[in-house]
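Step one of this worksheet: look at the structure below.
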Amino acid sequence: MRELGEDPYPSRYDRTHTAAAVHGEHPDLAPDSRTGEHVAVAGRVVSVRGHGKLSFATVRDWTGPIQLMLAIDRLEPPSHEVLAQLDVGDWVGAAGEVVTTRKGELSVDVTELRLLSKALRPIPSSWYGVSDPETRYRQRELDLLVNEDSRRIFDVRFKTLASMRRSLVELDFLEVDTPILQPQAGGALARPFVTRANALDIDLTLRIAPELYLKRLVVGGYERVFEIARNFRNEGIDTRHSPEFTALEAYRAFGDVNDGMDLTEHLLTTAATDALGRSSVTSGERTIDLSPPWPRRHLLEMLDEVLGRKVHPEMDVVELRAVCDAHEVAYLEDWGPGKLVFVLYDQVLQPTIVDPVFIVGYPVEVSPLARHTDGDPTMADRFELVIDGKELANGYSELNNPDEQRERFETEARAAAAGDLESHPADLAFIRALEYGLPPTSGIGIGVDRLVMLLGEVSSIRDVILFPVLRPEAS
RNA sequence: GCGCCUCUAGCUCAAUGGCAGAGCAACGGACUCUUAAUCCGCAGGUUCUGGGUUCGAAUCCCAGGGGGCGCACCA
């Protein structure tokens, strides 16, 4: 191209129409018509069908494909040379009249074809695509370029995020951003990544959850806040866990656990409609109905049904261990009764749930930041949303009594001191904030990646994260 | 972390101990209504890496690397 005086990487192109706009303006043209309308489109060449003096090419922009008709006697110089050198994968701009072919396909009858960027590497076969998972994850740009289904999944992801953000803003929630680098991890039980701040000569941890900072903002007077937070947990990687993942957390002053369920249901059902245009998804052989309202059931009542007997975190650990044994649920010696009740739920009850259910009431022992239930100090006003056997969201009436919070933290700090890498020392700055007064508050957290997995109908979290963490390629 | 599977041309895949191949893409040519265009021609390899067994290894064995899946921990 350079020999012909054509720059293979020009600086700009004046596009007048996207592919979708051309199709949108001419939905029902009869075959072999001419519109007299001239447009300039631009996109990546995905297919070329040459016929000597007449060629067809399909270019795709981010709204979809449009066909170019390239008749040698209507092309103006230097378009002939561009066409002669054209490869699948090149970016081109094409100007000409909107027409339909004899077969009826809407096309641009090109008079000027410009090369916008040359593809030096060949694009994989459009028929077979790229299926090797390693290539798809390492070279996501190639995956997106070739695989329609990959584009579909990320379309679902970003529509879901946009929908939830829109819903929250409409409800007067303020989007905020809180620290990712934190002096001390908190807000969840998880092993953090640790990094070094040279200027301060201290270690910092990457956040495992934004929860404590968001509640401090509510103390500061922000009555409705949310953050779409990238969290980092230094733990195992599998089809449901990524070292970095996205959580949506929202806090609303003066609300309780029921308001949290209302909000969660609203956000998720709206997102499903906005992203998919329907309210059901499939998972393997099963069809999951997402239409509201979703049932709200008490945890202990459901456990009673599935276990055939009552359990409660007030019971003796020996008795609860016997229940675990009877259902082949493994446990550790140092687990208290609340943790045992929780694992019975997690192992026995949760996998049986398909359609959405809000399960309400969790042991305080496994809910260190949730307000305890009035009249029962061993249970917390907390819910989890379970869909298709998986936890998609959870939330609670926030614990705002600083003395009780301090006691809960001290329990966790003892575990940390005993060597538990997922437990953390008491966060004294958070306790101090509670001492200034946190109003009654409803908080929720939604696992965005898992939600997108559900809506996008894929089974690996790597399929919903653009660039998942992988080992570096060998040099 | 442990177990199982996998790695061959740019992509998708054959070849199961006996000359490393096909389709698509690329490259050269023909073709004015194609859309997985068609036709003719041509080229394409560290079979992930290293070692071993064998007359002979993509194939069998050992070690290492990447990836996938499952189990354990977690959301």
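Throughout, a chain's letter reflects where its sequence line sits, starting with A, and its residues are numbered from 1. A quick note: this is a predicted structure, and the numbers were derived from the prediction, not measured.
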For nucleotides rA20(B) and rA57(B), find the distance between their C1' atoms and express it as a whole number of Å.
-> 12 Å
Just wondering, do F245(A) and rA75(B) stack (centres under 5.5 Å, planes under 30°)?
-> yes
With the side chain defined as heavy atoms from C-beta on, R233(A) is closest, among rA75(B), rG68(B), rU35(B), to rA75(B)
Where do Y137(A) and S460(A) come nearest, in terms of heavy atoms and distance?
-> OH-OG, 4.2 Å
Rounding to the closest angstrom, what is the interatomic distance between rA30(B) and rC42(B) at atom C1'?
-> 15 Å
Between rG67(B) and R471(A), is there an OP1 or OP2 to side-chain N/O distance shorter than 4.0 Å?
-> yes
Figure out the CD/P separation between E422(A) and rA72(B), and round it to whole Å.
-> 15 Å
How is G445(A) classified with respect to the nucleic acid when contacts are heavy atoms under 4.0 Å: base, sugar-phosphate, or nothing?
-> nothing
Cation-aromatic face contact R382(A)/Y362(A), 6.0 Å, 45 degrees = yes
To the nearest angstrom, the CZ-P distance between R138(A) and rG66(B) comes to 9 Å
Could you give the CG-to-P distance, from D238(A) to rG3(B), as a whole number of Å?
-> 18 Å
Given atom CD1 of I465(A) and atom P of rA75(B), what is their separation to the nearest angstrom?
-> 16 Å
Rounded to the Å, how far apart are R121(A) CZ and rC11(B) P?
-> 10 Å
Go through R44(A) and D90(A) one step at a time and tell me if the salt bridge (charged side-chain N to carboxylate O under 4.0 Å, His left out) criterion holds.
-> CA-CA 6 Å; R44(A) 191 184 285 276; D90(A) 291 347; over 6 Å; no
For rG66(B) and rC24(B), measure between their P atoms and round to the nearest Å.
-> 36 Å
Could you let me know what rG64(B) is paired to, Watson-Crick or G-U wobble, both distances under 3.5 Å, or none if it's on its own?
-> rC48(B)
To the nearest angstrom, the CD1-P distance between I208(A) and rA75(B) comes to 10 Å
With a 4.0 Å cut-off on heavy atoms, is S47(A) in touch with a base, just the backbone sugar-phosphate, or nothing at all?
-> sugar-phosphate
Mind checking the C1' distance from rC4(B) to rU8(B)? Whole angstroms is fine.
-> 22 Å
Does the pair R136(A)/D463(A) count as a salt bridge with the N-to-O cut at 4.0 Å?
-> yes
Which whole number of Å gives the distance between the C1' atom of rA25(B) and that of rC13(B)?
-> 14 Å
Send over the distance from D132(A) CG to rU12(B) C1', rounded to a whole Å.
-> 11 Å
Pick base, sugar-phosphate or nothing for L470(A), based on heavy-atom distances below 4.0 Å to the nucleic acid.
-> sugar-phosphate
Hunt down the Watson-Crick or G-U wobble partner of rA20(B), both distances under 3.5 Å, from any strand shown, or write none.
-> none
P-based separation of rG3(B) from rA75(B) [nearest Å] | 27 Å
Side chain of P133(A) (C-beta onward), nearest among rC33(B), rG67(B), rA75(B) = rG67(B)
Please state the P separation for the pair rG21(B) and rU16(B) - nearest whole angstrom.
-> 14 Å
Could you let me know what rU32(B) is paired to, Watson-Crick or G-U wobble, both distances under 3.5 Å, or none if it's on its own?
-> none
May I have the distance from L83(A) (atom CG) to rU32(B) (atom C1'), rounded to whole angstrom?
-> 13 Å
Quote, to the nearest angstrom, the P distance that separates rC7(B) from rU54(B).
-> 26 Å
For rA14(B), give its Watson-Crick or G-U wobble partner with both distances under 3.5 Å, or none.
-> none
Select from Q139(A) and S107(A) the residue whose nearest nucleotide in RNA chain B is closer to the 5' end of that strand.
-> Q139(A)
Mind checking whether W294(A) and F358(A) have parallel, tilted or perpendicular rings, split at 30° and 60°?
-> tilted
Can you tell me the pairing partner of rC27(B) across any strand shown, Watson-Crick or G-U wobble, with both distances under 3.5 angstrom?
-> rG41(B)
Counting heavy atoms from C-beta on, name the nucleotide in rA26(B), rG66(B), rU12(B) closest to the side chain of V130(A).
-> rU12(B)
Pair assignment for rG70(B), Watson-Crick or G-U wobble, requiring both distances under 3.5 Å = rC2(B)
Options rC33(B), rA26(B), rA37(B), nucleotide nearest the side-chain atoms of D87(A) = rA26(B)
State whether the side chain of D259(A) and the backbone N or O of D256(A) hold a donor-acceptor pair below 3.5 Å, judged by distance alone.
-> yes
Test item: side-chain donor near acceptor, R49(A) and S47(A), under 3.5 Å = yes
